[in-house]
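Below you'll find the structure, written out as structure tokens, and then a few comments.
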Amino acid sequence: MKQRLPYIITALVCFLIGIVIFKSGIPFIRNSVGDFVVVIFLYGLIKSIFPKASPVLLVTGILVYAIAIEVLQLLKFPQLFGTDKTWVKILLGSNFSWGDILAYFLGVITAYWLDRDLLQKLN
């Protein structure tokens with residue numbers, strides 16, 4: 001459990017930050033900073049379940065997943081479900097943006113750095 005605790009805390013903090021960002025309603029913060037935080041949340045969540053997962057493989061997988069969601073947005077996949085539905089906006093987003101991909105990339109770099117330089121030292 002000690003090995004998982006830093007990742008659980010990371011995921012929880014990012015989840016709480018995500019709620020604040022979602023409730024803020026400020027478009028830039030909600031879109032860009034939210035995308036940055038969500039990949040760090042995913043990293044912490046997955047590492048809390050699989051603490052021995054390779055950090056490089058994990059950030060690569062999360063980045064591929066996030067970019068896949070953006071590609072689905074580019075192909076207008078969320079519109080099949082109706083973008084007026086909150087669950088669709090949360091899970092699939094609504095609009096493709098190169099800025100989102102940049103935010104995801106910066107987020108996984110930050111997650112990797114946090115894990116390598118801070119979280120693993122707590123174990």
Side-chain angles (χ1 to χ4, degrees):
M1 182 65 171
K2 181 182 177 213
Q3 188 176 19
R4 298 170 192 246
L5 188 59
Y7 302 108
I8 292 169
I9 292 169
T10 299
L12 183 59
V13 167
C14 286
F15 182 76
L16 294 174
I17 290 170
I19 290 173
V20 170
I21 289 170
F22 183 74
K23 294 287 187 182
S24 77
I26 301 169
F28 171 77
I29 292 175
R30 190 169 179 192
N31 297 336
S32 299
V33 179
D35 293 337
F36 174 82
V37 171
V38 77
V39 293
I40 299 170
F41 164 75
L42 288 172
Y43 187 89
L45 181 67
I46 294 168
K47 280 291 271 190
S48 70
I49 298 168
F50 305 104
K52 297 197 187 290
S54 165
V56 172
L57 289 177
L58 188 52
V59 295
T60 302
I62 290 170
L63 185 59
V64 167
Y65 169 76
I67 291 172
I69 295 293
E70 285 298 311
V71 169
L72 288 174
Q73 291 172 6
L74 181 64
L75 299 173
K76 307 293 185 201
F77 186 74
Q79 281 77 355
L80 295 175
F81 299 101
T83 55
D84 59 327
K85 297 177 180 151
T86 302
W87 71 270
V88 173
K89 288 181 184 178
I90 291 171
L91 293 178
L92 299 176
S94 56
N95 297 313
F96 173 82
S97 169
W98 288 106
D100 291 353
I101 292 174
L102 177 62
Y104 296 139
F105 183 73
L106 294 173
V108 295
I109 288 172
T110 302
Y112 180 79
W113 171 79
L114 280 171
D115 192 9
R116 188 192 70 198
D117 291 349
L118 299 174
L119 299 177
Q120 286 188 4
K121 292 177 181 171
L122 296 174
N123 289 326

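Only this structure's heavy atoms are used, side chains among them; waters, hydrogens and symmetry mates stay out. Everything quoted here is computed from the prediction, not taken from an experiment.
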L75 reachable from V64 in the ILVMFWY side-chain graph, under 4.5 Å edges = no

Would you say the side-chain atoms of K47 pair up with the backbone N or O of R4, donor to acceptor, closer than 3.5 Å?
-> no

Just how far is it from atom OG of S97 to atom CG of D35, taken to the nearest 0.5 Å?
-> 8.0 Å

Work out which heavy atom in A103 is nearest to a heavy atom in S32; give both atom names and the distance.
-> CB-O, 3.4 Å

Applying side chain to side chain contact (heavy atoms under 4.5 Å, CB included), name anything that partners L57, two or more places apart in sequence or on another chain.
-> S54

What one should report as the nearest heavy-atom pair of V37 and C14 is CG1-O, 3.5 Å

How many angstroms lie between atom CD1 of I17 and atom CZ of F36, to the nearest 0.5 angstrom?
-> 9.5 Å

Can you get from V71 to I62 by hopping between Ile, Leu, Val, Met, Phe, Trp and Tyr side chains that sit under 4.5 Å apart?
-> yes

Note, Y43 side chain near P55 side chain (heavy atom, < 4.5 Å) = yes

Which atom of G44 lies closest to which atom of A11, heavy atoms considered = C-CB, 3.8 Å

Set of residues satisfying side chain to side chain contact (heavy atoms under 4.5 Å, CB included) with respect to V20, sequence neighbours excluded = none

Measure the shortest side-chain to side-chain distance between D115 and Y7 over non-hydrogen atoms and say whether it is less than 4.5 angstrom.
-> yes

Nearest 0.5 Å please: distance from the CD1 atom of I46 over to the OH atom of Y65.
-> 9.0 Å

Distance-minimising heavy-atom pair for V56 and V59 | O-CG2, 3.3 Å

Measure the spacing between CH2 of W98 and CG of L74 and express it to the nearest 0.5 Å.
-> 8.0 Å

Partners passing side chain to side chain contact (heavy atoms under 4.5 Å, CB included) against L63 (at least two apart in sequence or in another chain) = I67, Y104, F105, V108

Residue pair F96 / E70: nearest heavy atoms and the distance that separates them = CD1-O, 3.2 Å

In Å and rounded to the nearest 0.5 Å, what is the OG to CG distance from S48 to L12?
-> 10.5 Å

Roughly how far, to the nearest 0.5 Å, is CG of L45 from CD1 of I40?
-> 13.5 Å

